[in-house]
Amino acid sequence: MNATPVGALLLCRADLSAVRPPAHLLRETQLLAPAGDWSVLVPEGKPWRDGGEPVDRVVAGWVSAVSVAVNRPALALWWDGDRTGFTLASGFRRPVGYVWLTDGTPAGEEEAMHTFAERLGLDPVLDVQSLEPLTRPDNASDGRARLLGLVAVLARAGLRLPPGLAPGESADALRATARALGAETVEWAGWRDAVRAELNAVEEGLDHWLRDRRERSHEYAKALGAAQLAVGVPLALFGLRRHSPGWTAAGAVLIVNGVVARRRLPWSGPAA
């Protein structure tokens, strides 16, 4: 029997106040803690076991939802009995990821690592040089060591994982560590409270977005809201049919963003 632990850590390049509202929409209790210039979410449960979805698919939906809501990069580190890897979401861009086998054998595209560095704004020379060895065979590095190497590079981008919250640990161990560190519990309180919290966060973000981009027309913002609804509704339905909390949450965030964008337009002020 393969006793390799299964687990995940969700990282967002934003502070706790920004990450907290969309975390409510994940429909899975999370433990939230600061991680330097980032925030880290530790899943309270194990939906990849109970729902039958692979861990990488569950967390891909989660980081997509968080990234869209916060408008910041969100990264999932995950591992199971056969593989380890990461998935990076950056707003509406297609997520990028990389996979290693448990023994550390690279099983991803080298170009994905370059895209990863570019989207996080890492140094195109020093940081990329540090990431490239992770895509090459190395008999001394297993899958866990590969993720630890990735975390070490991200330290230059302000990531500071709390002691004990390390890739490769079991979900139970990560949860116990997070609680001991005093991590905040973010619980699913039902759609009404979750959407209200997300509406408040999105409205604040939309105000900032409109102030910083006055040259953009109302027609553009209206089209963006319509596009978010057009993508969010089928995505949420897909997630519900597949009993996938991650993709359901991603669809819900898109729907809320689309509704708020269209609702706020009449009060946004004149177009530039």
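- Taken to the nearest 0.5 Å, the CG atom of L88 stands 11.0 Å off from the CE atom of M113.
- Side-chain atoms of D15 come within 3.5 Å of backbone N or O of A18 as a donor-acceptor pair.
- Annotation for L10 and P43: closest pair CD1-CG, 4.4 Å, computed over non-hydrogen atoms.
- With hydrogens and angles ignored, the 3.5 Å screen pairs no side-chain donor or acceptor of S39 with any backbone N or O of C12.
- Remark: the backbone N or O of A157 is paired with a side-chain donor or acceptor of W38 at under 3.5 angstrom.
- For the pair L77/V151, a side-chain contact is recorded, criterion being any heavy-atom separation below 4.5 Å from C-beta on.
- By the 4.5 Å heavy-atom criterion applied to side chains, V42 and L9 are counted as neighbours.
- Under the 4.5 Å side-chain criterion, counting only non-hydrogen atoms from C-beta, Q30 is not in contact with E184.
- Under the 4.5 Å side-chain criterion, counting only non-hydrogen atoms from C-beta, P54 is not in contact with D80.
- At least one side-chain heavy atom of R20 sits under 4.5 Å from a side-chain heavy atom of L32.
- Contact record, A60 with S64: O-OG, 2.9 Å, taken as the closest heavy-atom pair.
- The side chain to side chain contact (heavy atoms under 4.5 Å, CB included) search around A173 returns E169, S170, not counting sequence neighbours.
- Put simply, the side chain of L120 reaches to within 4.5 Å of the side chain of L154, judged on heavy atoms.
- Following chains of ILVMFWY side-chain contacts shorter than 4.5 Å, one cannot reach V153 starting from V128, and the two form parts of different hydrophobic clusters.
- Classification of the F86-F116 ring pair by plane angle, with boundaries at 30° and 60°, yields tilted.
- Crowding of E118 atom CD: a count of heavy atoms from other residues, nucleotides or ligands under 6.0 Å not exceeding 12.
- The line from CZ of R175 to CG of L31 is 8.0 Å long, rounded to the nearest 0.5 Å.
- V40 and L148 fall into different hydrophobic clusters, where Ile, Leu, Val, Met, Phe, Trp and Tyr side chains are chained together by heavy-atom contacts under 4.5 Å.
- In this structure, P106 and Y98 approach most closely via the heavy-atom pair CB-OH, 3.3 Å.
- For the pair G91 and V68, the tightest heavy-atom approach, listed with the atom from each and the gap, is O-CG2, 3.6 Å.
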Passes side-chain contact (heavy atoms from CB on, under 4.5 Å), W78 versus R83? Steps please.
CA-CA 9 Å; W78 57 267; R83 305 169 301 154; 3.8 Å; yes
Test log, rule side-chain contact (heavy atoms from CB on, under 4.5 Å), inputs D82 and L101:
CA-CA 6 Å; D82 301 312; L101 302 184; over 6 Å; no
Can you check side-chain contact (heavy atoms from CB on, under 4.5 Å) on E109 and T115, steps first, answer last?
CA-CA 10 Å; E109 298 291 335; T115 303; over 6 Å; no
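- With hydrogens and angles disregarded, a donor-acceptor distance shorter than 3.5 Å links the side chain of S67 to the backbone of A89.
- Under the 4.0 Å criterion applied to side-chain N and carboxylate O atoms, D123 and R156 are not assigned as salt-bridge partners.
- A donor-acceptor contact shorter than 3.5 Å is absent between the side chain of E110 and the backbone of T135.
- Rounded to the nearest 0.5 angstrom, R146 CZ and T102 OG1 are separated by 12.5 Å.
- Contact between P5 and G168 at its shortest, heavy atoms only, is CG-O, 3.1 Å.
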Could you please spell out the steps behind the side-chain contact (heavy atoms from CB on, under 4.5 Å) verdict for D37 and R13?
CA-CA 7 Å; D37 295 335; R13 204 171 186 179; 5.7 Å; no
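- Residues S17 and P21 share a closest heavy-atom pair of O-CD, 3.2 Å.
- The closest side-chain heavy-atom distance from H114 to L131 is not below 4.5 Å.
- Residue pairs meeting the ring-ring contact (aromatic ring centres under 6.0 Å, His included) criterion with at least one member in residues 139-175, sequence neighbours excluded, do not occur.
- Partners of L181 under the side chain to side chain contact (heavy atoms under 4.5 Å, CB included) rule, at least two apart in sequence or in another chain, are P162, L165, T177.
- The shortest side-chain heavy-atom distance between V63 and L75 does not fall under the 4.5 Å cut-off.
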